[in-house]
Each structure stands twice: as structure tokens, then as C-alpha cells.
Protein chains: 2
Amino acid sequence: MSRITHPPRDALELTRVLHALSDPVRLEVVRSLAENGEQTCAALDGDRPKSTMSHHFKVLRAAGIVETRGERTSHLNRLRAEDLEARFPGLLQAVLNG
Amino acid sequence: MSRITHPPRDALELTRVLHALSDPVRLEVVRSLAENGEQTCAALDGDRPKSTMSHHFKVLRAAGIVETRGERTSHLNRLRAEDLEARFPGLLQAVLNG
DNA sequence: AAGCTTGTTCGATATTTCTCGAACTAATAG
DNA sequence: CTATTAGTTCGAGAAATATCGAACAAGCTT
């Protein structure tokens, strides 16, 4: 089903990453993933509709910030922390601290 | 004329800063200011209309990224690097390196 | 004063983004 | 097989953003 694609490390673009992180809902998701590790989408909605969250995950994936392992019914999301660190050293940490 | 206002250091918001930095034109401006220090708006347009650039400077100022000293005819812009560093340590550097 | 320069503000249009319900897909549970 | 669950996709409406010409303000120059 899901043509869920993740950009390779080298394809990560700074402006796209910054834009993805500039939304409060998505920033919240990123913070939660950083704190609690892998989580399902359901665990990360803040009582927001599924379609809304799906949209935000799509943006996060397209930016290369989140990887979704969609093997099972409940997909697991994780931060692509290593890839982000490789392309934009210190960025993720600075955002998480802010 | 110009109700040019700059938010105090404590009022800087991460999402606003990230959003301001997520535009290619504004990122270019920020990079140039970081490299070359204070510059006028005119020196920073990339052959783009004045009104367009004025809009982008407004966004950068509102985010607290740029300070415009508008005393004279030709305004001077500078990065608020210290304020950014105080609020979001490492962020500016990470963005500039990326 | 008349004109030029620098930049802001306004108004209009085009594009993007956010939000959410509804229909859909796929896997699992009963 | 039917129902449920998890998440995506579609479509629509609302809000924010980007772009740019035109009008404006203020200082500098002659």
C-alpha cells in the first residue's frame, strides 16, 4: 500500500528540514520521539484527527527527519538522528534544547 | 514611519525562528550577514524587487534573527547572533554550517 | 525646492500549508 | 467471514505565505 518513501541521507535539504521543524505539532512529535524513542503514530497524536497527523508525518518523512517502519498494522516511527547529525551537525540537538 | 520593532531576547520563539530560516531567500540573507557582517538591504537583494525583500526582512526581524538600525536612509542589518545563541545555543552555527 | 535613493506599506494574486471528514487499504481479532 | 484497528489518501475549505507593482516617507544631493 503505502508508497512511503524516505529520502537518502545525502538528499536531506536544510530548508526542508527547518520548515518541517517549524510547526508546533511536528516539533512536539519530534521532541516526544527524542525523549521516548520509537512510537506509533497513535501514541503521538494529541487528540488530533488521524488525517491531520498523517499529514504531519508525511512532512516529517519527506524532510528526512522521521523514518516510519510500516511493516505491521501499527507503524513505528523513529527519529533519523544519525542522518540529521551527519548532514547538519548540532542542529537536532539545538532544536531539542530550545 | 517605520514602526520597526525587534522582539526582546526572551521573546524569541523557536518555531518562529525555524520558520524564518526555512525560506531560501532569507537563509541566503542570513548567510551573507554571517559572512560579511552588517549590510544594507540593497546589498542583500539578489535582484529581487524591494517590496519582496522588505517582506523577508520583516519576517527576519519579527523572528528576532536580524536587527535593522534604521536611523539613516540606508538601513543597516545585522545578525542578532548573541541573542540567538543565548536562547537557542548552537542553532545558528548549525544552520550556517549546513 | 526638485530629484534621487533607500526602504516601508498597501493591495492584489498565486501558491502553499493546515485541518479535518470521508473513503480506502491492509493486517489482525473474534 | 465480519469487525476492528492503524494509518494513508482524497477532497474541500480556511488561513498563512510569497511575490511584485505602485504609492508613500524620509533623508541626501545638487
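Proteins come first, then strands; the chains are lettered A, B, ... in the order of their sequence lines, and each starts at number 1. Just so it is clear, the values below take in all heavy atoms, side chains as well, and ignore hydrogens, waters and symmetry mates. These numbers come from a predicted model, not from an experiment.
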Tell me the interatomic distance from [X], atom [atom1], to [N], atom [atom2], rounded to whole angstroms.
| X | N | atom1 | atom2 | answer |
| --- | --- | --- | --- | --- |
| A:Met53 | C:dC18 | CE | P | 12 Å |
| A:Arg26 | C:dT16 | CZ | P | 15 Å |
| B:Leu60 | D:dA18 | CG | P | 10 Å |
| A:Arg69 | D:dG7 | CZ | C1' | 16 Å |
| A:Asp45 | D:dA6 | CG | P | 10 Å |

Quiz item: With hydrophobic residues grouped by side-chain heavy-atom distances under 4.5 Å, do B:Leu76 and B:Leu33 end up in a single group?
Solution: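 Cluster IDs for B:Leu76 and B:Leu33 differ.
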Exercise. Determine whether A:Leu91 and A:Val59 fall in the same hydrophobic cluster, where Ile, Leu, Val, Met, Phe, Trp and Tyr are linked whenever their side-chain heavy atoms lie under 4.5 Å apart.
Key: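 No, A:Leu91 does not connect to A:Val59 through the hydrophobic network.
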Under 4.5 Å between any side-chain heavy atoms of [X] and [Y], yes or no?
| X | Y | answer |
| --- | --- | --- |
| A:Val30 | A:Leu96 | yes |
| B:Arg87 | B:Leu14 | no |
| A:Met53 | A:Val29 | yes |

Exercise. Could you pull out all residues at least two apart from A:Arg80 that satisfy side-chain hydrogen bond (donor to acceptor under 3.5 Å, both in side chains)?
Key: A:Asp83
Quiz item: Does a side-chain N or O from B:Arg61 land closer than 4.0 Å to OP1 or OP2 of C:dT8, or not?
Solution: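 Answer is yes, contact under 4.0 Å.
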Quiz item: Going by number, which of residues 30-40 of chain A have a non-hydrogen atom under 4.0 Å from DNA chain D?
Solution: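 Heavy-atom contacts with DNA chain D come from A:Thr40.
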Under 3.5 Å, N/O pairs linking protein and nucleotides 19-22 of chain C:
{"residue": "C:dT19", "atom": "OP2", "partner": "A:His56", "partner atom": "NE2", "Å": "2.6"}
{"residue": "C:dC20", "atom": "OP2", "partner": "A:Thr52", "partner atom": "OG1", "Å": "3.3"}
{"residue": "C:dG21", "atom": "N7", "partner": "A:Ser51", "partner atom": "OG", "Å": "3.0"}
{"residue": "C:dG21", "atom": "O6", "partner": "A:Ser51", "partner atom": "OG", "Å": "3.2"}

Quiz item: Is A:Glu67 paired with A:Arg78 through a side-chain N to carboxylate O contact shorter than 4.0 Å?
Solution: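 A salt bridge is present here (some side-chain N lies under 4.0 Å from a carboxylate O).
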